[in-house]
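Below: one structure, written as C-alpha cells.
Numbers restart at 1 for each chain; the letters A, B, ... are given by sequence-line order, proteins then strands. What you see is a predicted model, and the numbers here were worked out from it, not measured in a lab. The analysis underlying the following values was restricted to heavy atoms, covering all of them including side chains, and did not include hydrogens, waters or symmetry mates.
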Amino acid sequence: MPELPEVEIVRQSLLKNIKGKKINKVLVRNRNLRFKLETSFEKKLKNKFILNIKRFSKYLIIELANKSFCIVHLGMSGTIHILKNKRGNLPTNTSFYNSPNLPKNHNHVEFFFKNMKLVYNDPRRFGYFQFLNNSNSLKKKFKNFGPEPFDKKFNPNYLVNYFKKKDKNIKNFLLDQNFVSGIGNIYASEILYLSKINPSLSAKYLKKNQCINIVINSRKILKNAIKKGGSTIRDFKNTRGDQGNFQKEFKVYGRDKQNCKRFSCSGKINKITQSNRSTFLCEMCQK
DNA sequence: AAGAGGCCCTGATAGC
DNA sequence: TGCTATCAGGGCCTCT
C-alpha cells in the first residue's frame, strides 16, 4: 500500500501517539517477515523511550533514547494500528491505519505502552522491522538511496545528468529508489500523466523542460497526497479508521479504458505492463 | 554492469 | 457454490 505519502501519514500519527512514550514490552508473534526478526529484537526495545519518529522515503525511523533506531518498512500490505485501553479513547482523525476493529489475523508485532499498544499487521509479510545500533548504521542503511522528490538535490540538472546514456524507460526510473526515493507504482503513473510524458520513453531522450516538469509534478502530487491523507486502494469496510482521500483524485491509476480527465482531451486511459507492473497512461496526451 | 524478470506472501476478485 | 487463475501499492536477488 504505502508510498511516501502514506508512510508520512503514518509517521504523523505515530508522532502524536507514541513520541516521548516508553516501550514497556514488545511481543512478536511471527518473526518471519521480509527479513527474519532477530531473537534479541524485543530485548533491545524493551524499556526504551521513543525520542522521535522520522521518515525517509518509505521507511519509518523510530528514534530511541539511547541513540539507537528501529526501522519499519510496511512492504505492500503492512499497517500500523494504535489501540488505547479505555473505551471510547481511540485516536480519531489521525490516519486510516488507526483501526478500532483490528484485523483478526496477521498481527505480527505489538509494542506495549502505558494504556496503549501499537500493532503491526501485515498479511503478505513483505514489510519488516530492523534494529540499528547507532546513527552510522542508519547512514549506511540509506547510503545508496537517491534523494526524495522534495530534496533540492532532486532538480532538473540531476535528472538530465542521471539519464545520460541510460537506456531505461522513465517509468522504471521513477520506481528506482537509487535514483529517487519514495515514489511507487501509483504516483509514478500520476506524475508522468501530469507531465504529459509517455512512460515507455527511454529516459535519455527526455528534454530539459520535461525533466523540469517531472520535478515539479513529483513534488506537487506527493504533497497533495499527504495533504489528502494518502491513498486508500483496498477499502477498509470493517474498520472505522480514517481512510485516505487522494485516490479520489487519481487521474490515470486504475482508470483503464476510461476517458482522460484533461479538459479538451478526447483520449482514453490505457493500462500497459512494464517490468511486470502495471502502468496507466492517456493514449492521446502522453504520446 | 545495467536492466529485466522471478520471487517472497496472502487475499480479493473475476471467470468458468 | 466452488474451483482456478490473475492481480495487488515493494524491493531484493539472480541472471544475462
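The side chain of A:P123 approaches B:dG11 more closely than any other nucleotide in the set B:dA4, C:dG9, B:dG11.
Within the nucleic acid shown, A:N172 comes within 4.0 Å of sugar-phosphate atoms alone, with no base atom in reach, counting heavy atoms only. When heavy atoms are screened at a 4.0 angstrom cut-off, A:Y187 is found touching no nucleic acid atom at all. Counting any heavy atom pair closer than 4.0 Å across all strands shown, A:D167 reaches sugar-phosphate atoms only and no base atom.
Between the NZ atom of A:K271 and the C1' atom of C:dG9 there is a distance of 13 Å, given to the nearest Å. A:F179 has its CZ atom 15 Å from the P atom of B:dA2, to the nearest Å. With rounding to whole Å, A:K164 atom NZ is found 18 Å from B:dA2 atom C1'. A:K166 has its NZ atom 11 Å from the C1' atom of B:dA1, to the nearest Å. A:F126 places its CZ atom 11 Å from the P atom of C:dG10, with the value rounded to the nearest Å. The NZ-P distance, from A:K104 to B:dG11, rounds to 13 Å in whole Å. Atom C1' of nucleotide B:dA1 and atom CG of A:D176 are separated by 14 Å, given to the nearest angstrom. The CG atom of A:L174 sits 12 Å away from the P atom of C:dG10 (whole-angstrom rounding).
For B:dC7, the paired base is C:dG11 (Watson-Crick or G-U wobble, both distances below 3.5 Å).
Under the 6.0 Å cut-off for aromatic ring centres, A:Y120 and A:F129 qualify, their centroids lying closer than that. Taking the six-membered ring where the residue is Trp, the centroids of A:Y59 and A:F145 are separated by under 6.0 Å. Checked against the 6.0 Å centroid criterion, the rings of A:F173 and A:F163 qualify as a close aromatic pair. Taking the six-membered ring for Trp and the full ring otherwise, the centers of A:F35 and A:Y128 sit less than 6.0 Å from each other.
Between B:dG11 and A:H106, a contact under 4.0 Å exists linking OP1 or OP2 to a side-chain N or O. When the side-chain nitrogen and oxygen atoms of A:N276 are compared with OP1 and OP2 of B:dA4, none of them lie within a distance under 4.0 Å. A:S275 has no side-chain polar atom (N or O) that falls below the 4.0 Å cut-off from OP1 or OP2 of B:dG3. Contact annotation: A:R125 side-chain N/O to B:dT10 OP1/OP2 distance is under 4.0 Å.
The residues A:K25 and A:E42 are annotated as not salt-bridged, no charged nitrogen and carboxylate oxygen being separated by less than 4.0 angstrom.
Atom CD1 of A:I269 sits about 11.0 Å away from atom NZ of A:K251, to the nearest 0.5 Å.
When each of A:Y187, A:Y193, A:F246, A:F280 is tested with A:Y253 by the rule ring-ring contact (aromatic ring centres under 6.0 Å, His included), just one qualifies, namely A:F280.
Taking the P atom of each, C:dT14 and B:dC9 are spaced 15 Å apart, rounded to whole Å.
Seen from the ring of A:Y162, A:K166 counts as a face-on cation partner, given the 6.0 Å and 45° thresholds.
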With sugar-phosphate taken as primed atoms, P, OP1 and OP2 and all else as base, the protein-contact string of nucleotides 11-16 of chain C at under 4.0 Å (heavy atoms; B, S, -) is BS----

